[in-house]
Amino acid sequence: ARSRARLVAADGGRPVARRAPQGLPTTCTGTGWAGPLRFANNRVGYGYSRGLWLTSDSGRTWSRITTAEIDDLTISGTTAYRVATQQPGCQPGCTYLVQSSEVGSVVWRTLHVESAAPGVAGALSIHGDRLLLPFYLNHAGGSDSPNLVLRSTDGGTTWAPTQDPCRPRGTSPVVDVMAFASGPAG
């Protein structure tokens, strides 16, 4: 198996040096980091999955800043947003936290708490001050409830449920929403 490593270029891509990141955990086979990485700029980035790691030196070194389960992390401008749970593998019924932080800070502010969420949290979508957080249910597995979609139009200060645009109606066949995106109209 080939080991994953980050590629580093100091001059726009020529030459590229292969380096193993310092401080990120490896997989059980020792093949390197397998979780998602998100960079806010050319120096500050996040690695997340079962915990959250931060780099402020372009990925040369990483520090673990929480052990919380991080389901998603996205960046908008100078703000990072994450969807976290305190207990791994709790779906459905997790308590999800939507939190924000200045890029590069280790201090996170809770914007919203969704207790006993009815499904699995999806990817947080952001466009300016508009945020969408879907929760997916398994209609094929017998759920007759609509997917839950939480929406904020003020950067996460207030949240309200909104209609799932693909909710099955009447006797229509089952439709499972796979992804959401937030745009200028919300």
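This is a predicted model, so every value here is computed, not measured. For this chain, numbers begin at 1 and follow the sequence in order.
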Separation between CG of L111 and CG of L131, rounded to the nearest 0.5 Å: 7.5 Å
How would you list, by chain and number, every residue that makes a side-chain contact (heavy atoms from CB on, under 4.5 Å) with T66, sequence neighbours excluded? L52, A68, I70, R82
Decide side-chain contact (heavy atoms from CB on, under 4.5 Å) for D71 and Y96; before the verdict, give the C-alpha distance in whole Å, the side-chain angles of both, and the deciding distance to 0.1 Å. CA-CA 9 Å; D71 287 353; Y96 286 95; 2.9 Å; yes
Between D72 and L124, is there a donor-acceptor pair closer than 3.5 Å when you use the side chain of the first and the backbone of the second? yes
Which residues pass the side-chain hydrogen bond (donor to acceptor under 3.5 Å, both in side chains) test with D129, sequence neighbours left out? none
With sequence neighbours left out, write down each residue that passes side-chain hydrogen bond (donor to acceptor under 3.5 Å, both in side chains) with T78, or none if nothing qualifies. none
Backbone N/O of V44 and side chain of S56: donor-acceptor pair under 3.5 Å: no
Tell me, please, which residues at least two apart from S100 pass side-chain hydrogen bond (donor to acceptor under 3.5 Å, both in side chains). none
Mark yes or no for whether R38, through its side chain, and L73, through its backbone, hold a donor-acceptor pair below 3.5 Å. yes
List for me each residue that meets side-chain hydrogen bond (donor to acceptor under 3.5 Å, both in side chains) alongside S63, sequence neighbours excluded, and say none if there are none. none
W159: what forms a ring pair (Phe, Tyr, Trp, His ring centres under 6.0 Å) with it, not counting sequence neighbours? H112
Within a strict 4.5 Å, meaning less than it, do heavy atoms of the T85 and T95 side chains meet? no
Contact between Y81 and I126 at the side-chain level, heavy atoms closer than 4.5 Å - yes or no? yes
Between the side chain of S152 and the main-chain N/O of T158, is any donor-acceptor distance below 3.5 Å? yes
